[in-house]
Amino acid sequence: MSEIPSPLARRSLLQQRIVGWYAKEARDLPWRARSASPWAVLVSEVMLQQTPVVRVEPVWREWLERWPTPAALAGSAPGDAVHAWGRLGYPRRALRLHAAAVAMVQRHSGEVPTTPSELLALPGVGAYTAAAVSAFAFGHRTAVVDTNVRRVFARLVDGAGQAAPSLTRAEIDLATALLPDEVGEARVWGVAVMEMGALVCVARSPRCPDCPVNDLCAWRAANQPTYDGPVRPSQPWHGTDRQCRGVLLAVLRATKKPVPATELDAAWPTDDAQRDRCLDSLVTDGLFEPLPGSRFRLPGR
DNA sequence: GACTCGTGGAC
DNA sequence: TGTCCAAGAGT
C-alpha cells in the first residue's frame, strides 16, 4: 500500500496540473474575456449566486448591452432591473445590483471599487463576490472560495465526499495556503479550481477519470468514502412563501401596467393569509410598489 | 449559526 | 416523482 504525498506538499504540481487543465478545457464564457469590464464581471458574479451558468449567460448579455456601466443601471428604475432579471431567481439580487450601481455612482465616480472593504460595502456583495471581483476583474492575489472550490478541496485534501454545510475558517486558510505565490498564476488559479468543480469534480457522479489531479486526490485514494458529516436540510418548495412570492412576482413581471390586487388573488387562490403575507413582504423588500386603488407594479423611480 | 430567499434541470 | 443541486447574501 503506497502512500501518496499530501496535496499541500505538492502544491506547485497541483497548480501546474489544474491551470494546465483549465487552459485546455475551460468553457468560453463572455465574462472571462479580456475585454470584460469590472462591471461586467460584477454583474456576472451576482447573477451566478445560486444560479447555473447556462441560465445566466443570455440574461447577462442583455443586461450588459442595456446597462454597460453602473451609471447606466443607476439611471433606470429598480423595477426595470427586476424585470430584466427575468427568471434567474432570488430577484432581490436585481434590486441589490441596482442599489450597488447607485452607490458606485455616488461614492466611486461610477466605477467598481477595487479594495475588499469597498467591495464588501456594496449591496449584494458578500465575501465570495468581493473576492471574485478582486481576483477576476482586478487580478489581485485573492483566495476565492465558492461551493465548487470547497468541494474540490474537501475531496482532494480532506478526503471527504463533500464540504460541510457552512463555510469554515479552515477552508479559507486552506484556500489561502494553496494560492500560488506569483500574481499571474494566482489570477488563473481561482477560476481554474472553480471550473474543475463545475465540470469534473461535480457534486453527483464526479468524472474522476477526466481529473488532472486524480492521482493526488485523498478522497479517491480512500476509495471515495461516503460523506458522513452534518447534513444540509433540504428546502421544501410546494406551498412555501417562496413559491407564493415567485408566482406573485411573475404576474408583475408579465406586464408593464399596474396590476389590481384581484389579479394577484387569482394567481394564488389557495391561501388568502399566505398571499397577503407575501404581498406585504414583497412591498417591504422593495420588489412591489403599492399604488392607489389596490394596485401594484414593479418599483419605479 | 439558523433561516429565508427563486427557479429549473438532472437523475 | 421527489430530491438534490446551482460562482451566496442578509438578517
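In what follows, chains carry the letters A, B, and so on, assigned in the order in which the sequence lines appear, proteins first and then strands, with residues in each chain numbered from 1.
- In the 5' to 3' direction, nucleotides of DNA chain C lying under 4.0 Å from heavy atoms of chain A begin and end at C:dC4 to C:dG10.
- Residue-level contact check: A:A203 touches the backbone only, with heavy atoms under 4.0 Å from sugar-phosphate atoms and none from bases.
- Applying the ring pair (Phe, Tyr, Trp, His ring centres under 6.0 Å) definition to pairs two or more places apart or across chains, none involves residues 88-111 of chain A.
- Residue contacts shown for A:R27 include a base, since a base heavy atom lies under 4.0 Å away.
- Remark: the separation of the P atoms in B:dT4 and C:dA7 is 23 Å, to the nearest Å.
- Note on A:R11 versus A:D181: salt bridge recorded, some NZ/NE/NH1/NH2 to OD/OE distance being below 4.0 Å.
- Here the side chains of A:L42 and A:T129 are in contact, with some heavy-atom distance below 4.5 Å.
- Residue A:Q243 is classed as having no contact, given no heavy-atom separation below 4.0 Å to the nucleic acid.
- Residue A:R204 is classed as a base contact, given a heavy-atom separation below 4.0 Å to a base.
- Among the protein residues, A:S166 comes within range of no part of the nucleic acid, since none of its heavy atoms lies under 4.0 Å from any strand.
- Comparing the P positions of B:dG8 and C:dA9 gives an interatomic distance of 22 Å, to the nearest angstrom.
- Within 4.0 Å (heavy atoms only), A:G126 reaches sugar-phosphate atoms of the nucleic acid but no base atom.
- Under 4.0 Å is where a charged nitrogen must lie from a carboxylate oxygen, and between A:D280 and A:R275 no such pair does.
- A centroid separation of less than 6.0 Å is found between the aromatic rings of A:W85 and A:W63.
- Within the 4.0 angstrom heavy-atom criterion, base atoms lie near A:R55.
- Contacts of A:W31 with the nucleic acid, taken as non-hydrogen atoms under 4.0 Å apart, include base atoms.
- Note on A:V125: only backbone sugar-phosphate atoms sit closer than 4.0 angstrom, heavy atoms only; bases stay farther off.
- Nucleic acid contact for A:R150: none, since no nucleic acid atom lies under 4.0 Å from a heavy atom of the residue.
- Judged as a side-chain contact (heavy atoms from CB on, under 4.5 Å), and not counting sequence neighbours, A:Q16 has no contacts.
- A side-chain donor-acceptor contact under 3.5 Å links A:Q235 and A:R242.
- Partners of A:A250 according to the side-chain contact (heavy atoms from CB on, under 4.5 Å) rule, which considers only residues two or more places apart in sequence or in another chain, are A:R87, A:R253.
- Nearest-nucleotide positions on DNA chain C for A:E45 and A:L122 put A:E45 closer to the 5' end.
- For DNA chain B, the contact window with chain A, defined by any atom under 4.0 Å from a protein heavy atom, covers B:dC5 to B:dG9 in 5' to 3' order.
- Residue A:D241 is in sugar-phosphate contact alone, with no base atom involved, counting any heavy-atom pair closer than 4.0 Å across all strands shown.
- Using a 4.0 Å heavy-atom criterion, one finds that A:T51 contacts the bases of the nucleic acid, with or without backbone contacts as well.
- Looking at heavy-atom distances under 4.0 Å, A:L95 makes no contact with the nucleic acid at all.
- At a threshold of 4.0 angstrom between heavy atoms, the contacts of A:P233 with the nucleic acid are absent.
- Residue pairs meeting the ring pair (Phe, Tyr, Trp, His ring centres under 6.0 Å) criterion with at least one member in residues 122-147 of chain A, sequence neighbours excluded: A:F138-A:H140.
- Using a 4.5 Å heavy-atom threshold, the side chains of A:R297 and A:V259 count as separate.
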